[in-house]
Amino acid sequence: MNYWLMKTEPDTFSIDDLKKRKKEFWDGVRNYQARNFMRDNMKKGDLILIYHSSCKEIGVAGVATVTTECTPDKTQFDEESKYFDKKATKEKPRWFYVEVKFKKKLKRVISLDEIKEETKLKDLALIKKGNRLSIMPLKKKEFDIILSLE
DNA sequence: GCCAACGTTGGC
DNA sequence: GCCAACGTTGGC
């Protein structure tokens, strides 16, 4: 089993939205490195930390699971969508998504500051300088440590 | 809203 | 293939 951290802007889609909707296709990933992780390494049953970015309470807000193998992101073919990609075709899709299922909301947001302060988490990709990955792999240990801060 | 640190695009 | 210009991310 693999462990992941996935960023979302809560003003657009928060852990509460995921709780309400139970499941959601994680569309709109338009970064090749993030895509490759999802396409090549993400498997049904993997665990995900949901991270809130660009907001008031920045940090890890909840846990989710992957419920599908990755499939072509439908929004890339939809001219109405802001994620439309004219270079993508059904034969050769460029972008993919998985479905994500709500598991739990943390009692409180584990803040970015706390994560930075935890020396055991110093190798986390999240806190590396200039990091802009919206999907990144975690070691089981890192996943457990972050949740233990709750 | 600012801006550093990226990633992407496109002319050459 | 290089690289300048431009766009985006995301913490502050």
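Letters A, B, ... are given to chains in the order of the sequence lines, protein chains preceding strands, and every chain is numbered from 1. Being a predicted model, the structure only gives us computed values, none of them experimental.
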* Asked: About how many Å separate CE of A:M136 and CG of A:L138, when rounded to the nearest 0.5 Å?
  -> 7.5 Å
Distances under 3.5 Å between nitrogen or oxygen atoms of protein and nucleotides 3-5 of chain C:
none

* Structure fact -> Correct closest heavy-atom pair for A:T75 and A:D27 would be CG2-OD2, 3.5 Å
* Asked: Applying side-chain hydrogen bond (donor to acceptor under 3.5 Å, both in side chains), which residue pairs with at least one partner in residues 33-42 of chain A are found, sequence neighbours left out?
  -> A:N36-A:R39
With a cut-off of 3.5 Å and sequence neighbours excluded, list every side-chain donor-acceptor pair involving residues 89-96 of chain A.
unit_1: A:T89; atom_1: OG1; unit_2: A:K92; atom_2: N; d: 2.9
unit_1: A:R94; atom_1: NH1; unit_2: A:Y32; atom_2: OH; d: 3.4
unit_1: A:R94; atom_1: NH1; unit_2: A:D85; atom_2: OD2; d: 3.0
unit_1: A:W95; atom_1: NE1; unit_2: A:D85; atom_2: OD2; d: 2.8

* Apply side chain to side chain contact (heavy atoms under 4.5 Å, CB included) to A:L126 and A:N131, showing your working. => CA-CA 6 Å; A:L126 179 70; A:N131 159 67; 4.3 Å; yes
* To do: With DNA chain B as reference, determine whether A:K129 or A:K87 sits nearer its 5' end, using the nearest nucleotide of each.
  => A:K129
* Asked: Does DNA chain B take part in any stems of at least 3 consecutive Watson-Crick or G-U pairs (both distances under 3.5 Å), and if so, which ones?
  -> B:1-12 with C:1-12
* Backbone N or O of A:K120 within a donor-acceptor pair of the A:E118 side chain at under 3.5 Å? -> yes
Would you list the atom pairs, donor with acceptor, under 3.5 Å between side chains in residues 44-55 of chain A and any protein atom, with sequence neighbours excluded?
unit_1: A:D46; atom_1: OD1; unit_2: A:N2; atom_2: N; d: 3.0
unit_1: A:D46; atom_1: OD2; unit_2: A:W4; atom_2: NE1; d: 3.0
unit_1: A:D46; atom_1: OD2; unit_2: A:K43; atom_2: N; d: 2.9
unit_1: A:H52; atom_1: NE2; unit_2: A:I15; atom_2: N; d: 3.1

* Asked: With the sugar-phosphate defined as primed atoms, P, OP1 and OP2, and the base as all remaining atoms, what B/S/- string results for nucleotides 7-12 of chain C, 5' to 3', for protein heavy atoms under 4.0 Å?
  -> BBSBSS
* Measure the shortest side-chain to side-chain distance between A:F143 and A:V63 over non-hydrogen atoms and say whether it is less than 4.5 angstrom. => yes
* Asked: Sub-3.5 Å donor-acceptor pair from the side chain of A:S14 to the main-chain atoms of A:D16, do we have one?
  -> yes
* Are any non-hydrogen side-chain atoms of A:I127 and A:L112 less than 4.5 angstrom apart? -> yes
